[in-house]
Amino acid sequence: MTTNTKFNLTSRILIAMALGILVGSFFQWILGGAAEKEVSLAGFSIGIKALFVDGIFHVGGQIFVASLKMLVVPLVLVSLVCGTSSLKDISTLGRIGSKSMGLYILTTAIAITIAIFFALLFSPGVGVNMPLAQSYQVADTPSVAQVFINMFPSNPVEAMAKGEMLQIIIFAVLFGIAIALSGEAGQRVRQIFEDLNTVVMHLVNIVMHLSPYGVFFLMAKLFTTLELNDMGNLGIYFLVVLFVLLFHGLLVYGTLVKLVGGLNPLMFFRKMKETALFAFSTSSSNATIASNMATTTGKLGVDNKVASFTIPLGATINMDGTAIMQGVATVFIAQVYNIDLTAADYLLVVLTATLASIGTAGVPGVGLVMLAMVLQQVGLPVEGIALIIGVDRLLDMTRTAVNITGDAMVSCLVGKSEKCLDLAVFNDPDAGKNDKL
Ligand code: ASP
């Protein structure tokens, strides 16, 4: 089945996004802040908000996000089992694991350090007058010990039912190793998983082709309801976070791709566009796993052995964009409350934010929960989070795009160093174009 269109998928997603923003802004304008506006049509009276915003846009957007999440568990399980069971030597797995963990932690620490540096330079919270008596409900945050215990599944079926990514990864890796050790029986099971992998990749393709509609609905809903009243006071905070996100996402990643991987950064970014748009419109690294795996393997040429491990792992533990928001937010909140932080406090912020990202899943808004942990560590008022919520939605979208670009970047670096990256595919501008179904 071939889709007959002159636009490729990335362009269609971009067009859908622009249309969604236009339509959403139009509805925001006609509703003009009113809770509802009725229109009469052939004797029927219809609420615009009920029909479009809470109706069509909401339902369409949620179905899209649900379909993306639907792909995650089967995709991660099947491709990771295929990836690990095909390894000739188990020590490779140890190397891939330690290289990716090391790079994830290192890049997150760099991200938050840069964020604190620029936040101190631009002082977004100095002179800001905001009502401080806001309230923010702090979610329960697990201890570090609990985070490690929670990585191990006591029931793999339950782990899959709940979408516990780290537990699924550990189970799939062990299962893959067991297949590799099981001789002929293992080979038969492996063949089944290889076939399943082909089927799951087609499933991914089907959802990807419907994605422009989903992106349109998500954007239309968001821009109908988006309130930017707080922008005045939060303008500098917003711009500093955005600036550091771009700085890290383009400059730091570009440099690492070039210097550590010896790869062409422009080619890397060009191929990441589609997946970054997915992350931007869904605000969820987890929901972007399927697209990111398709991009890293199909377009960037990273072998499934590496990508099936690094991408889902990165979606859960690698959140450079989120760390950047936390760095700037900590400085902002300290400045608004007139609290001086010492160099040791900042070090603690770097450590806590880096560790916090390991135990939290890549879903919308989780960065604020992690920020609560960071603020508590350095004795800043957690209510401060209420100050920045007003502009967090747009920042969440942008930082998620940075988070998943970081996952793909590490995947390329690890792939290259393990001789698991096909340079011909990486350098071919048309490789893996998702135009056929
Ligand atoms: N939405 C982000 C992600 O899924 C996490 C966050 O920063 O809130 O990667």
Side-chain angles (χ1 to χ4, degrees), residues 61-62 64-66 68-69 71-72 76 104-105 107-108 111-112 115 136-139 141-142 147 163-166 215 218-219 222 226 237-238 240-242 244-246 248-249 253 272 275-293 295-296 310-330 332 349 352-375 382 385-386 388-411:
Q62 289 313 304
F64 172 55
V65 173
L68 286 176
K69 290 188 185 157
L71 301 172
V72 172
V76 172
Y104 283 149
I105 292 174
T107 48
T108 307
I112 186 158
Y136 178 77
Q137 210 57 39
V138 188
T141 48
V147 167
E164 292 286 351
M165 197 51 62
L166 294 179
V215 169
L218 284 178
M219 289 296 120
L222 175 71
L226 195 67
Y237 164 78
F238 182 85
V240 175
V241 178
L242 208 60
V244 185
L245 284 175
L246 291 176
H248 188 76
Y253 289 167
M272 281 308 294
T275 302
L277 288 175
F278 260 94
F280 186 78
S281 43
T282 58
S283 290
S284 169
S285 298
N286 273 13
T288 315
I289 289 177
S291 167
N292 210 4
M293 276 175 60
T295 299
T296 30
T310 47
I311 298 298
L313 182 72
T316 317
I317 72 163
N318 182 49
M319 296 188 193
D320 295 359
T322 307
I324 287 169
M325 176 277 287
Q326 293 174 41
V328 181
T330 309
F332 175 78
V349 171
T352 322
T354 310
L355 278 179
S357 66
I358 296 182
T360 32
V363 292
V366 75
L368 293 182
V369 178
M370 291 153 66
L371 179 61
M373 295 190 214
V374 175
L375 295 178
V382 176
I385 294 179
I388 54 166
I389 278 183
V391 292
D392 198 63
R393 188 71 183 86
L394 280 181
L395 291 179
D396 192 2
M397 299 163 82
T398 321
R399 67 185 182 244
T400 309
V402 173
N403 289 348
I404 59 91
T405 307
D407 303 341
M409 187 270 302
V410 166
S411 210

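Ligands are counted one by one from 1 in listed order, and the atoms in each one are counted from 1 as well.
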- Thr275 and Thr295: side chain donor to acceptor below 3.5 Å: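 Present: a donor and an acceptor within the cut-off.
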With heavy atoms of [X] as the reference, note each atom of ligand 1 found under 4.0 Å away.
X	value
Ser284	4 (O)
Ser283	1 (N), 4 (O)
Ser285	3 (C), 4 (O), 9 (O)
Gly365	8 (O)
Val366	5 (C), 6 (C), 8 (O)
Gly367	6 (C), 7 (O), 8 (O)

Would you check the N or O atoms of [X], main chain and side chain alike, for any that come under 3.5 Å of an N or O of ligand 1?
X	value
Leu368	no
Met319	no
Asn403	yes

- Message: Once rounded to the nearest 0.5 Å, what's the spacing between atom OG1 of Thr405 and atom CG of Asp320?
- Response: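 Result: 9.5 Å between the selected atoms.
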- Message: Among all the protein's non-hydrogen atoms, which is closest to atom 2 (C) of ligand 1, and how far away is it?
- Response: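 Heavy-atom neighbour on the protein nearest atom 2 (C) of ligand 1: Thr400 OG1, 3.3 Å.
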- Task: Note the single closest protein heavy atom to atom 1 (N) of ligand 1, along with its residue, its atom name and the distance in Å.
- Result: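 In this structure, atom 1 (N) of ligand 1 has Asp396 OD1, 2.7 Å as its nearest protein heavy atom.
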- Task: Would you name the heavy atoms of Phe238 and Leu394 that are closest together and state the gap between them?
- Result: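 Between these two residues, the closest heavy atoms are CE1-CB, 4.0 Å.
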- Shortest non-hydrogen contact from Asn403 to Ser285?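 Asn403 and Ser285 have their closest heavy atoms at CB-OG, 3.8 Å.
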- Could you tell me whether Pro364 approaches ligand 1 through its side chain, its backbone, both or neither, with non-hydrogen atoms closer than 4.0 Å?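 The backbone, only.
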- Query: What class does the angle between the rings of Tyr253 and His248 fall in, given that below 30° is parallel, 30 to 60° is tilted and above 60° is perpendicular?
  - Reply: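 Correct class here is perpendicular.
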- Item | Val215 side chain reached by Phe280 side chain, heavy atoms, under 4.5 Å |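 No, side chains not in contact.
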- Query: Under 4.5 Å between any side-chain heavy atoms of Arg393 and Pro364, yes or no?
  - Reply: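 With C-beta onward as the side chain, the pair stays apart.
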- Hey, which of Ile404, Leu71, Val72 is the one that makes side-chain contact (heavy atoms from CB on, under 4.5 Å) with Ile289?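 For Ile289, the side-chain contact (heavy atoms from CB on, under 4.5 Å) test succeeds with only one of Ile404, Leu71, Val72, which is Val72.
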